[in-house]
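Working notes, beginning with the structure itself.
Read the numbers this way: they start at 1 and go in the same order the structure lists the ligands and their atoms. What's counted below: heavy atoms across the whole structure, side chains too, no hydrogens, waters or symmetry copies. Residues: numbered from 1 along the sequence shown.
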Amino acid sequence: MKLTFLSVKYRFVYFFLLFTFPSFAQSLFDVQAVPEKPCAPILANIDGRHAQTLNGTWNAMIEPTIFSLNDIMHFAESNYQARPGELVEVNLENGLTLQVPGDWNTQEERLFFYNGKVWYKRETYVQKEEAKRYFLHFGAINYRSEIYVNGQLAATHTGGYTSFNCEITDLVQDGDNLLVIKVDNTLKSDDIPTTRTDWLNYGGITRDVNLVEVPKAFIENYKLNITSPSSGNIVGRVKVNGAEGGQVTVRIPELSIEQSFPVQDGLAALDIEAKPEQWSPTNPKLYTVELQFGDDSITDKIGFRTVEVKDRDILLNGQPLFLRGISLHEEAIGAKGRASSYAEALELLKYAKELNCNYVRLAHYTHNHHMLRAADELGLLVWAEIPVYWNLEFDNPEVMDKAKARMNEMISRDQNRASIVFWSLGNETPVSEARTEFFRQLNQYVKSIDDTRLTTAALVFGGEEIQEMAKMYFFPAMQGNAADSWDIEIKDPLASIVDVAAINQYFGWYYSGFLATAAKLDPKLARQTMLDNMHKVKFHIPNDKPFTFSELGAGAKRGLTGAEDELKIFSEEYQVLAYKKQIELIRNQEGLVGVTPWILKDFRSPMRLYQGIQDYWNLKGLITDNGERKKAFFVLQEFYWTLRKRGE
Ligand code: GCU
């Protein structure tokens, strides 16, 4: 480049670029990692607070690469408009818009299978008051997020299914405010879950967003419960933010309770003489509870009940019960992707009620808070979980920290939901020393923050146990020497760590397939042999602990028919046959206290590739994605009706 005479200024710029150019060029490829900025402790019960919704249409921009030709943050910090002649190749408006709450996969064709970054941007008007504090609260963002307010980083968060919030009092201004959120749903091997899941990794701001206003000192969180079915006394604690001392007042008008308690070091311990009606599936009684601290007051609807294990039973309010359940993913009916509203929660859970359920497994991650509110109101007991799913890096301390953080977020949000009886630690994790130690620690941690509920985990009936079953029972049965009882010893040490063991077992669906392939058997004969013998299966759990079947089932494409003896996989008749045989197996158990067949509704999965039948849907639902009932729906409904009539 021939250097004509340049003014000093341009010479400076030229030399500046010359010496910095390589780094300037390099900067196109440097992905500046944003420093972690922790969130604030969870504010309980957002619906009961003074909050401005930020749901609605947000501007968005897909950032599919690891770099951009312009500094995106520059455009995220202001409503920057390119000046005449200025070369700009990025902006966060005039293009894609996305609804919040909502996954991006079902809103934008280009994002259906997308795993990457999307930027969201909107403005909001705030009438800022000196005496207030301001928080941004997110129901969930999947998976990583950076929250910017007026160009300043307010918080970063990892984890796609739990609520989080950040204080923005010092960032929010009176008048218009610019909110920019960077979302990245890319999963890594040290994430929870990892990249391998049998569900679509829906990305985006998938749940409600609220701007919450609180006084300088306010009620951050609380927990109220009864400790025994006989005494009924309401005990608990209230956590105050922004003050060490003072008085918390608890009002429960229906019980003529109004009582104040001293706050010390930000905490008030509650102990209230009371005899509340106890919440149960047959009487989902909720009380209006008002908490007040200074200028702050918050109202909640809380049910009081107890749950415990006694010998081989689960007792609810001191009475044994059988958990007539069904599993659900958090997908709305009507192929709309992530469920995020109260109406969608009701629609899903009403099918569970129609099945005569008293229990649901909200798999495989923490569902939105509307699902728990609806379960409280409909009288459905809940298994709640975080996505410790399949093979995590169990020996990685950061993964342990992430699991504890997700558990803390889930329990902090839902600790007052009467419906929740189980905190599940994980699902189908391969047995190893590191993995069992991981669960020992996680179980201890969960109990340390909530000892009023039971812990569980879905074991995978797999590997060694299936080999043993095959050797002892299945192959002899194939040769005409079928044993009278198929006794299966569960060896997984996790069964001894949790309060209630849970087993995912797919007799009638997967096992005869694996075994026929492995032993080069005729698949139909192998399947028939399994169906003819599975009623003999009896699981034996260490220490005779009570256990549930956390998964069982079979797939069917609605409308695909086949005679029952044809064993036509994916026909509705085969799904019916598998459920009938499973019911025989269920009746043959001792110590079984519940079942959650897999699954209420067909759901999207990138693993289900049988084109023309599955087309990226897992078809084990008893209803289709549009809510049509398959024939097997009525088989389970009838079975649960017989249990219900017998008072089980
Ligand atoms: C496993 C797993 C589920 C999965 C199911 C299936 O048990 O826990 O997430 O969807 O099997 O195979 O359909």
**Study point:** Intermediate values then yes/no, side-chain hydrogen bond (donor to acceptor under 3.5 Å, both in side chains), Arg558 and Asn626
**Key:** CA-CA 11 Å; Arg558 188 168 182 274; Asn626 281 323; over 6 Å; no
Exercise for review: Please say which of Val576, Ile623, Asp602, Leu622 ends up in a side-chain contact (heavy atoms from CB on, under 4.5 Å) with Lys630.
Suggested key: Asp602
Review point. Side chains of His157 and Glu409: do they bring a donor and an acceptor to under 3.5 Å?
Key: yes
Check your understanding: Are Asp198 and Arg608 close enough, and set up right, to give a salt bridge (charged side-chain N to carboxylate O under 4.0 Å, His left out), and what steps lead you there?
Key -> CA-CA 8 Å; Asp198 189 17; Arg608 304 299 167 167; 2.7 Å; yes
Point to revise | Within the 4.0 Å heavy-atom sphere of ligand 1, strictly under, residues | key: Asp198, His364, Tyr389, Asn427, Glu428, Asn504, Tyr506, Tyr510, Glu551, Trp598, Phe603, Arg608, Asn618, Lys620
Study note, to complete from the structure: From the list Lys545, Lys447, Arg453, side chain to side chain donor-acceptor pair (under 3.5 Å) with Asp499 holds only for Lys447
Practice item. Classify the angle between the aromatic ring planes of Tyr365 and Tyr161 as parallel (below 30°), tilted (30 to 60°) or perpendicular (above 60°). Key: parallel
